[in-house]
Visitor: 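Quick one: the structure is below, and I'll ask about it shortly.
Order of the sequence lines sets the chain letters (A, B, ...), proteins ahead of strands, with each chain counted from 1. Computed from a predicted structure; not experimentally measured. When reading the values below, keep in mind they use all heavy atoms of this one structure, side chains included, and skip hydrogens, waters and symmetry mates.
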Amino acid sequence: MPWTKVYPDRTEFENARKESGKPLRGLTYREAIKEAFTQILEEDSRVFLIGEGIDDAGGVFGTTKDLHKRFGRSRIIDIPIAENATTGIAIGAAITGMRPVFIHMRMDFLPMSMDQIINHAAKWSYMFGGTVKIPLTIRSIIGRGWGSASQHSQSLQALFMHVPGLRVAMPATPYDVKGLLISSVKENTPVIFIEHRWLYEHVGYVPEDMYTVPFGKGVVRRIGRDVTLVGISYMMFESLKAQEVLQKHGVSVEVIDLRTLTPLDEDLILESVKKTGRLVVADTGWSNCGVAAEIVSRVSEKAFKYLKSPAARIGLPESHTPASSALEKEFYPDYKDIVDVISKKVKE
Amino acid sequence: MKMQGIDRKTFIWLFETMLKIRMVEEKIIELYPDQEIKCPVHLCIGQEAIAAGVCANLKKTDYVFSNHRGHGHYIANGGDLNEFMAELYGRVTGCSKGKGGSMHLADTKNGFMGSSAIVGGGIPIAVGAAMGSVMQEQKRISVVFFGDGATDEGTFNESLNFAALKKLPVVFVCENNFYATNSPASARQALDNIYKKGLPYGIPGIKIDGNDVGEVFEAARVAVERAKNNKGPSLLECRTYRWKGHVGPDCDFETGCRPRGELDRWLKKCPIERFRKSILKEGILSIRDIGDIKESLGREIEKAVSFAKSSSFPKKEGLLEDVY
Ligand SMILES: Cc1ncc(C[n+]2csc(CCOP(=O)(O)OP(=O)(O)O)c2C)c(N)n1
């Protein structure tokens with residue numbers, strides 16, 4: 001299926017297109033987001049976008065650019081720099097039947113809204129016996145590089161995974177970002193939707209019509225037999241690079257892209273680990289109490305006897321993002337780190 | 001231009017400081033395309049009078065807190081220029097040892113206790129520092145610089161209440177440049193009344209021309225006096241304009257972020273040019289004196305750039321240092 005394929009760059013996509021002879025339409029991740037918004041805003045008058053500067057010339061790195069011209073500023077709403085209250089306001093609108101999408105330029109601004117997200121959005125439905133629904137999507141972006149420093153580069157998905165009542169999506173491909181964004185808006189639950197800025201230029205197959213990608217369904221991006229490698233968000237692409245390198249050295253890696261973290265496609269991982277006997281998880285966030293920690297513990301609870309070697313986590317060290325480019329290089333793991341870890345694992 | 005009550009020495013200090021901020025920023029614009037300064041920079045060209053006018057009233061021991069647009073505050077508060085440049089260049093000799101970059105300057109020797117890149121993040125911390133100072137009977141006042149965008153935040157409103165409640169020695173300095181990134185104030189605030197936002201709590205507020213250094217100096221003097229005399233917090237709304245884009249060395253009217261005409265009107269209100277004219281008129285400095293000041297600042301800046309470029313990058317081991 002074309003959407004299970006990933007094309008690390010445009011040339012690869014173009015080649016694939018020529019070879020297939022089929023009319024595959026390529027879009028960047030950025031364009032796919034904008035297309036999802038355009039279509040869903042058109043289809044459903046209850047949908048509105050709200051966030052700081054979403055109607056400005058840049059339009060959230062191009063993903064909302066000029067949407068206000070088409071849909072008006074009553075549906076594409078710029079707001080005061082007041083994240084917590086505005087989250088509550090979006091929750092309130094959602095309770096009345098609207099379908100808000102709250103957009104944050106960076107994930108680091110979500111902590112401002114933690115009270116409304118954790119104490120309110122996540123719990124409101126449960127506390128009232130399911131009589132109220134919160135169809136709210138909160139979209140935010142992870143950055144990396146260029147001295148973003150400690151307060152402009154955090155990958156906080158694990159915080160949200162920890163709290164029941166929130167769904168967490170981390171799509172890596174243009175196909176998934178469109179489909180999952182549409183799913184998020186259509187479903188009646190609060191969703192934390194996390195993008196990585198380094199994915200914005202990636203090109204992939206994106207159908208023109210509206211489609212949804214289900215929550216809780218991961219995909220095998222590369223089939224392999226020696227080790228299961230789960231790559232989260234941008235780390236999925238580093239995982240693919242690692243897979244290629246390792247293949248040359250005779251190590252066969254199965255690369256899994258979860259697409260959503262809550263719900264988590266546990267079955268897909270367990271099935272793979274039962275086959276390969278090894279597990280490595282590469283996340284964009286911290287390892288400690290992180291996404292990878294959760295995956296590793298589920299595997300040790302449910303498939304321990306299949307493991308031929310201890311599972312491994314690849315994530316950020318116990319530190320904050322340094323501004324200096326020299327330290328940034330040390331801070332972020334990449335495909336070489338994955339290759340190192342896996343090379344050791346297969347020998348253990 | 002308000003200038004009563006400013007002595008000659010202060011006059012010259014204010015002028016030099018504003019010029020220094022301007023020239024440093026212009027140097028950054030010149031160097032940034034080399035891509036050796038690998039961090040976002042939020043320039044404060046056009047806003048120099050506020051940093052200078054406020055800091056001229058502070059003692060070394062007073063506490064200062066800043067935000068993402070903090071170059072001017074750091075310099076006006078007496079921060080070391082070498083360490084500043086080195087921080088921008090990501091070197092270990094930087095004021096934050098290369099960990100912070102342009103958005104996270106600190107200079108604890110001079111009471112500059114840090115800059116938050118989270119809008120409104122530094123405001124309650126400044127209030128807390130004022131409380132700490134009172135608890136320890138230190139008589140150090142606390143000043144916090146923030147933009148008009150920060151007054152939208154809960155932290156601003158919650159901090160005003162607490163500072164008023166406890167009568168803390170804080171000066172809240174809002175640099176109202178009418179934009180938060182590219183959102184105009186009119187898209188974020190129902191009324192144009194930031195200086196009044198402390199009034200319900202009993203905090204006096206004043207709206208001033210932030211491009212008139214004399215006016216800033218005088219308003220800050222009164223606020224600092226109040227703080228020192230246990231009369232509690234004050235709020236200064238200094239109206240100004242940033243000449244460059246929100247982030248980076250370029251202008252932003254080309255990309256449609258702001259109207260060109262608006263920038264042109266503000267360029268005519270250049271705080272430095274206005275002050276220079278008064279200085280010449282009053283005969284405080286001659287054209288030649290001003291030329292000498294420029295030259296010596298130019299040398300100091302060049303020296304700082306060389307210092308930065310010749311400093312080492314932090315070592316790998318530094319990554320885990322200072323995490324607690
Ligand atoms: C809590 C939070 N929300 C959003 C941002 C993104 N952001 C960075 S600067 C800025 C605008 C700040 O405007 P203002 O406080 O007026 O300061 P100025 O940049 O105009 O000096 C915004 C929204 C942020 N850093 N922190």
Visitor: Based on non-hydrogen pairs under 4.5 Å, which of Gly100(B), Gly121(B), Gly256(B), Gly94(B) is most in contact with chain A?
Guide: Gly100(B)

Visitor: OG/Ser319(A) to CG/Leu320(B) distance, rounded to the nearest 0.5 angstrom?
Guide: 5.5 Å

Visitor: Count the heavy-atom pairs under 4.5 Å between each of Ala57(A), Ala85(A), Pro111(A) and chain B, then report the option with the highest count.
Guide: Ala57(A)

Visitor: Which residues pass the side chain to side chain contact (heavy atoms under 4.5 Å, CB included) test with Ser96(B), not counting sequence neighbours?
Guide: Glu87(B), Ala106(B)

Visitor: What's the spacing between Ile37(B) CD1 and Ser325(A) OG if we round to 0.5 Å?
Guide: 11.5 Å

Visitor: Does any backbone or side-chain atom of Met105(A) lie under 4.5 Å from a heavy atom of chain B? Answer side chain, backbone, both or neither.
Guide: neither

Visitor: Not counting sequence neighbours, which residues clear salt bridge (charged side-chain N to carboxylate O under 4.0 Å, His left out) with Lys97(B)? List them please.
Guide: Asp322(B)

Visitor: Apply ring-ring contact (aromatic ring centres under 6.0 Å, His included) to Tyr241(B) and list each qualifying residue two or more places apart in sequence or on a separate chain.
Guide: Trp266(B)

Visitor: With a 4.5 angstrom heavy-atom cut-off, could you sort out which part of Thr86(A) is near chain B: side chain, backbone, both or neither?
Guide: neither

Visitor: Please state whether the side chain, the backbone, both or neither of Gln35(B) comes within less than 4.5 Å of a heavy atom of chain A.
Guide: both

Visitor: Write out, in numerical order, the residues from residues 139-163 of chain A with a heavy atom short of 4.5 Å from a heavy atom in chain B.
Guide: Trp146(A), Gly147(A), Ser148(A), Ala149(A), Gln151(A), His152(A)

Visitor: For the atom pair CD (Glu317(B)) and CD (Glu330(A)), what is the distance rounded to the nearest 0.5 Å?
Guide: 8.5 Å

